[in-house]
Structure formats: C-alpha cells, structure tokens
Amino acid sequence: MKEKVRVRFAPSPTGFLHIGGLRTALYNYLFARHHGGSFILRIEDTDQTRYVEAAEEDIIHSLNWSGIEIDEGPQNPGEFGPYRQSERKEIYHKYALQLIESGDAYYAFDTTEELDQMRERLQKSGNPSPKYDSVTRQSMKNSLTLPQDETQRRLEAGEEYVIRLKVPRREVIRFEDIIRGNVSFESKGLDDQVLLKSDGMPTYHLANVVDDHLMKITHVIRGEEWLSSTPKHILLYKAFGWEPPHMAHLPLIMSPSGGKLSKRKAESEGIPVNTKDYIEQHYEPEALVNFLAYLGWSPGDDSEIHSLEELCKLFTLDRVSKGGAVFNHKKLLWYNEHYLREIPDQQLAKKVREISQNEAVQSADEAYLARAISLLKERVSKVDELEKMGSFFFEDPEEYDPKPLKKWKKDSTALVSEYQKEIESMDDDGFEAGTLKQKLEGVIERNEVGFGKLMMPLRIAVTGQGFGPDLFISMEMLGKETVMRRIDRALSSLAQE
RNA sequence: GCCGCGUUCGUCUAGGGGUCUAGGACGCCGCCCUUUCACGGCGGUAGCACGGGUUCGAAUCCCGUACGCGGUACCA
C-alpha cells in the first residue's frame, strides 16, 4: 500500500450507537492503526426525518469509552471538513449538477403518488420489483422525457425535483471486495438511484461517494448490508472519473435466534444492543473490544486475549470471515471476567465506590474494601456484581437466602450456638481465621459431625448466603463484635424453624 | 419473486488438495483442588449442509441443490 491509509466510520445519527456499528468502527480503527493510517468519523445526517439530537454525542462517547481514537471528526476537524454531511450540502449539489452536465444523471419531477402508481402498475403486470430504470424512466416525468424548455420552466418555477443517476441499460459492474473477492452485478438489476432528494439533501449514495473521494478515503470498510449498493457507487465513481477506494464488506452480527441483531430481537434475548447499555451495565471496555474483534475475525493462532494495542498489530482484513457471526453473550462475559480479574484490587475498589449507592461501602476503609474485593473478584462477571455479592462485608444480612437455608437443620442451632460460645472467649485482636477454624474443628469433632453440618449454617448466619469467599477470613475481617451479633440474630430468628 | 453474499462442533473460529482418525476458545459434562460458591488444573462431549464432479487423493477446487442472511426507498 503506497498511499497513506485513511478509513472512515460513517454512522447516521438516528439513535444510540449499535453494537454492530461499534464493531465496524473497531475494524476500521484496527485497520487504520495497523497501517499507520487515519481513522475518520463522519456523521451522515442526511435524513432529517430520522435525525436524533443526542446521537452524535453518544457515538463519540461510545468510541472514546472503547478506546477508539478519532483522528479527524466533527469535534476535531482535519483538513477535509466539515465532517457532518448536513454541513456539506452545497458540495453535493455541485457534484450532482456536474453529473447532470456530463449526462450521467437527470432531473425527475415525479411525485410520490406518481411513483407509487408506476410501481403498482408494474406489479399488476407481473413485475415483482418495479424499478425506475432505463425502461420505465421513459414514461415518467424527467429531463430525459420532457422537452428541454419544459424542464427549464419547471426548475425556474421552483418545482420540486430530485436528481437521479442514469444507470446504463446493460452493463456488468465488477469490483473486488477485499473480504469476498470478485463481485459482480448487472446494471439491469439496479434502479436510477435518487442522488439528490427534493429537500436538497443528498442520499447516502451520493454523499458517501463524494465524501470518500474528497476526504481521500483509501478503504471503505462497512457492513455487508452495503454490498448490494456498491455497484451504484462504482457507477458514480466512474461517472466522476474517480478511482474508487478499496472495498471491504464485513459479515453481519447475528442474533442467536437468527437474523441480524436488531434492537427488538436482541433485547428479547437478553443482549444489550447499544454501546451505551454496555457502558451503563459496567462491562469492561477491553472485554467488549476483545470480544467484538473476534466476532468475525481471528488472528489465525490459538490466542484469545489481546489488548486494543495488540489487536492493532494483528489485525488484517484478509483474516475477516465471510459468514455472519452470532453474538455469544456468555463468551463476552468470559472476556469480562478475564479483564476484571486483571484489575488491581485498589483500582477495582475505586470503581466500586464510583458505582455504589451504599453508604456503608462509601464510608468503608480503603484497605478493607480492597481486601473484600480481592476475595470476591474471582466469583463475579462484572464490577457491579461485586457489591451485591459482598454486601455482607458492609452490613448485616437483611434476610437469609432461602435455598441454603434448607441446610439449617434441627441440630444446627445447637452446633452454631456451641461454636458461638467457643469464640466468645477470643480477644478482639486474636479473632483471626486460623483460630476460628481450629475452634470450628473442635466443635465438629466433639459432636462427631461433618464439616458442612456446621459450616453451612454458620455461613448463612454470618453472610446470609450459601456461597462466597472463605468464611474464616470473612469472619476475621468482620471482627468479633459483628460476627457475634449476626450469630445471635440468626439463632433467635432461625431457632424454632 | 428477483439480485447478491454466505454455509467447519450449540456458538466464535483454525484449516487454503495429502501432515485432518479436523485444532483452539466459549458453553456443557466429569474428575482433581476445596468448608460452600468460585478460580485454577486435567479430561470428555460435539462439526466439514447435501448431491454430483475434478484428482491417485477434497473440509479444502468446480457445478448443482438446500438452507441462512442481506438488498430490492426521495433510510442509512
């Protein structure tokens, strides 16, 4: 590659950044960094009816959170701005006119109703997908059928019009896709795509081609849903006399039940769709990035874990797979667990404090919090679960988990209270895990019962749960007073049951 | 319907004519470790969509079929 690589992520601000969009952005970014090139963000806000005010900010925020750096974009323009298509209206207009002059496009005055009528008519006569094409355009109202002065008159009168691409009648359009190889389409399957809408805005097709050229984009890396419109783009490049960029169409992310991962589908299957959801649900960005990178790509060895930086080094488009990839939420969680465990306790403590609403957690001793976290973090998938699982470190159990409570048998009360008597004699500062364990061993030996007979009821009494970190260490951390109080409470509330 | 693109364990994938009795990861199951739940370690489960070719030899190449997905807008 001789030219300096420049790629772009070009979302339309119609809502929150979709997880599939994030992956497209990621692949673009990885490709750019791999080749020492630039990653450009371009906002494709040409559909005013679907525009969402907060979307651009969400896109940028999501990208930042993921660690994707924007080299040029609306908030940090380079020399090819503006980076919002709505601000480039005149540019598109100029190029659309150029196409009219060269005879590659024409004005069309048909109303929506007239278009509907045409389609309906064709459908009735057995054409399942009616097009505005080289045949039908001859019976429509456009600058190709109308006398020249009539066209002129309509334009001057300010009549609404669109500009359409004059797709050749019969031509095979070929292009090479980096991921898929040679792809070809016949022009007769294409319709005379609207390039400039009646509101003066360009359609995606025009804006995209013009901008990619003007912004010196070398590689277009986008979702597979664009593959079928690529021939139209190729036609446009040709009409302008421009060299098309390299094309790469990414496989789509699929829902576990099949079909592309749409909002509705994903949510009903418990998969968050927007990047924002992952942020709010406290996923680790490194985990999402690593997971997404591997959804449709692999470096070819047996490795699974890579930082963003490493991914930049490893990523190549020829290793992207062709088939759609099903989103596997469990694997994402696995990645999240991995990255979570790599975070030092101190840092994790800070994170927990940031997201916790709990007074006791907020006011907890720093070292105490970090120690609790070190015991808990092997057991959870996400940071926010830390607090829930470790709540007993900070406050007495409100209620007892009903499932392990079944282990509280008739003899439990006697065993637990015997153990309580044993530890009552311990000093506050001698209240440590080793001794606590010895005492317990003493009790079970004397009563000739198994460990679990006392362990489980004791665990329930102290933590309210049937699982969790090492009980003796937990009790040591909690301190004698707290442990005694909790046992008292359990004994009185569970004795008769 | 038409056009296009795809199809290796349940899922993500490695594989690019012989080294594949198909490798790894997630999941699931079992064992070990362990007071519990986890972590970790070890082991197991399961796949080349189908049918024809080409070839001494095909998961790998070609052609069909099936299935899936995408597109078919003055949406991107």
Side-chain angles (χ1 to χ4, degrees), chain A residues 10-14 44-47 49-50 85 108 110-112 115 119 123 126-132 160-164 177 179-181 183-186 188-191 193-205 207-208 222-231 249 251-252 254 256 258-260 291 294-305 319 321-335 337 341 375-381 389 404 407 437 440-441 444 450-456 458-460 463 465-472:
Chain A
S12 62
T14 56
E44 309 225 327
D45 52 350
T46 55
D47 185 352
T49 62
R50 295 206 301 157
Q85 292 186 328
D110 316 276
T111 62
T112 316
L115 289 172
R119 292 193 180 110
Q123 239 152 11
N127 185 340
S129 52
K131 284 177 207 59
Y132 200 119
E160 282 207 341
Y161 67 91
V162 298
I163 292 180
R164 285 181 183 271
D177 186 282
I179 296 169
R180 283 148 219 287
V183 181
S184 68
F185 287 83
E186 285 180 56
K188 69 172 182 194
L190 270 33
D191 63 359
Q193 187 64 53
V194 169
L195 301 176
L196 204 69
K197 299 187 267 191
S198 58
D199 66 357
M201 278 289 192
T203 56
Y204 171 88
H205 309 283
N208 200 259
R222 83 243 278 199
E224 197 188 344
E225 71 267 28
W226 294 109
L227 190 60
S228 354
S229 35
T230 304
H249 288 91
L252 262 22
M254 316 290 276
K260 74 173 169 191
F291 168 73
Y294 272 70
L295 204 56
W297 170 86
S298 94
D301 55 24
D302 287 344
S303 66
E304 299 280 342
I305 304 289
R319 296 208 59 87
S321 40
K322 299 179 177 74
V326 175
F327 191 98
N328 185 276
H329 198 199
K330 285 220 168 118
K331 188 146 191 180
L332 202 212
L333 284 177
W334 174 77
Y335 272 115
E337 287 157 12
R341 280 161 203 150
L375 296 172
L376 295 162
K377 73 172 174 186
E378 305 285 285
R379 289 155 227 271
V380 298
S381 296
M389 181 173 274
K407 294 267 167 71
K437 188 174 183 186
L440 184 132
E441 280 162 352
I444 63 158
F451 243 95
K453 278 282 184 194
L454 176 48
M455 275 310 293
M456 196 46 86
L458 186 59
R459 176 177 287 284
I460 295 162
T463 71
Q465 301 167 336
F467 54 85
D470 186 290
L471 223 210
F472 302 108

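Chain naming here is simple, since letters A, B, ... match the order of the sequence lines and numbering starts at 1 in each.
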Within the structure shown, what part of the strands sits under 4.0 Å from S298(A) by heavy-atom distance: base, sugar-phosphate, or nothing? sugar-phosphate

Write down the distance separating the P atoms in rC33(B) and rC42(B), rounded off to the nearest Å. 15 Å

Report which part of the nucleic acid F185(A) touches: base, sugar-phosphate, or nothing (heavy-atom distance under 4.0 Å, all strands). sugar-phosphate

Determine the interplanar angle of the Y204(A) and W226(A) rings, folded into 0 to 90°, and report it as parallel if under 30°, tilted if 30 to 60°, perpendicular if over 60°. parallel

If you walk 5' to 3' along RNA chain B, what is the first nucleotide with an atom under 4.0 Å of a heavy atom in chain A, and what is the last? rG1(B) to rA76(B)

Residue whose closest nucleotide on RNA chain B lies nearer the 5' end, Y335(A) versus V380(A): Y335(A)

Indicate, with a heavy-atom threshold strictly under 4.0 Å, whether G450(A) touches base, sugar-phosphate, or nothing. nothing

Salt-bridge present (K260(A), E224(A); N to O < 4.0 Å): no

Looking at every strand, decide which applies to R222(A) at a 4.0 Å heavy-atom threshold: base, sugar-phosphate, or nothing. nothing

D47(A) side chain reached by T14(A) side chain, heavy atoms, under 4.5 Å: no

The Watson-Crick or G-U wobble partner of rA46(B), with both key distances under 3.5 Å, is none

With heavy atoms under 4.0 Å as the rule, sort P469(A) into base, sugar-phosphate or nothing. base

Sticking with atom C1', work out how far rU8(B) lies from rG24(B), rounded to a whole angstrom. 13 Å

Does NZ or CZ of R164(A) lie under 6.0 Å from the centre of the six-membered ring of Y132(A), at an angle within 45° of the ring axis? yes

Taking the six-membered ring for Trp, are H329(A) and F327(A) parallel (under 30°), tilted (30 to 60°) or perpendicular (over 60°)? tilted

Quote, to the nearest angstrom, the P distance that separates rU72(B) from rG15(B). 33 Å

Sort out the partner of rG68(B) for me: Watson-Crick or G-U wobble, both distances under 3.5 Å, none otherwise. rC5(B)

Distance check, P atoms only: rU19(B) and rA25(B), in whole angstrom units. 22 Å

Determine the contact category for E44(A): base if any of its heavy atoms lies under 4.0 Å from a base atom, sugar-phosphate if only primed atoms, P, OP1 or OP2 are that close, otherwise nothing. sugar-phosphate

Would you classify D470(A) as touching base, sugar-phosphate or nothing, given that sugar-phosphate means primed atoms plus P, OP1 and OP2, and contacts are heavy atoms under 4.0 Å? base

Using the P atom as the reference point in each nucleotide, state the distance between rC12(B) and rU7(B) in Å, no decimals. 12 Å

Across the strands shown, which category fits S303(A) at heavy-atom distances under 4.0 angstrom: base, sugar-phosphate, nothing? nothing

Within the 4.0 Å heavy-atom criterion, would you say F467(A) contacts the bases, only the backbone, or no part of the nucleic acid? base

If I pick the C1' atom on rG47(B) and the same atom on rC9(B), what distance separates them, to the nearest angstrom? 4 Å

Would you indicate what G223(A) reaches in the nucleic acid, counting non-hydrogen atoms under 4.0 angstrom: base, sugar-phosphate, or nothing? nothing

Between P128(A) and D45(A), which has a closest nucleotide on RNA chain B that is more 5'? P128(A)

Remember a base hit wins even if backbone is also touched, and classify K437(A) as base, sugar-phosphate or nothing at under 4.0 Å, heavy atoms. sugar-phosphate

If I pick the P atom on rU11(B) and the same atom on rC50(B), what distance separates them, to the nearest angstrom? 15 Å

Test side chain to side chain donor-acceptor pair (under 3.5 Å) applied to E337(A) - qualifying residues, sequence neighbours left out: S381(A)

Whole-angstrom distance between rC26(B) and rG44(B), as gauged at atom C1': 16 Å

Q85(A): what forms a side chain to side chain donor-acceptor pair (under 3.5 Å) with it, not counting sequence neighbours? E44(A), D211(A)

If you define the side chain from C-beta out and look only at heavy atoms, does anything of V183(A) sit under 4.5 Å from T230(A)? no

For G323(A), which contact category applies under a 4.0 Å heavy-atom criterion: base, sugar-phosphate, or nothing? sugar-phosphate

Touch check for S321(A), heavy atoms < 4.0 angstrom, all strands: base, sugar-phosphate only, or nothing? sugar-phosphate

Please determine, for rG40(B), whether a Watson-Crick or G-U wobble partner exists with both distances under 3.5 Å, and give it or none. rC32(B)

My understanding is that a pair needs two contacts under 3.5 Å, Watson-Crick or G-U wobble. By that rule, which nucleotide pairs with rC61(B)? rG53(B)

NZ (K407(A)) with more than 12 external heavy atoms under 6.0 Å: no

With syn meaning chi within 90° of zero and anything else anti, the base of rC31(B) is anti

At under 4.0 Å between heavy atoms, what does R180(A) touch on the DNA or RNA strands: base, sugar-phosphate, or nothing? sugar-phosphate

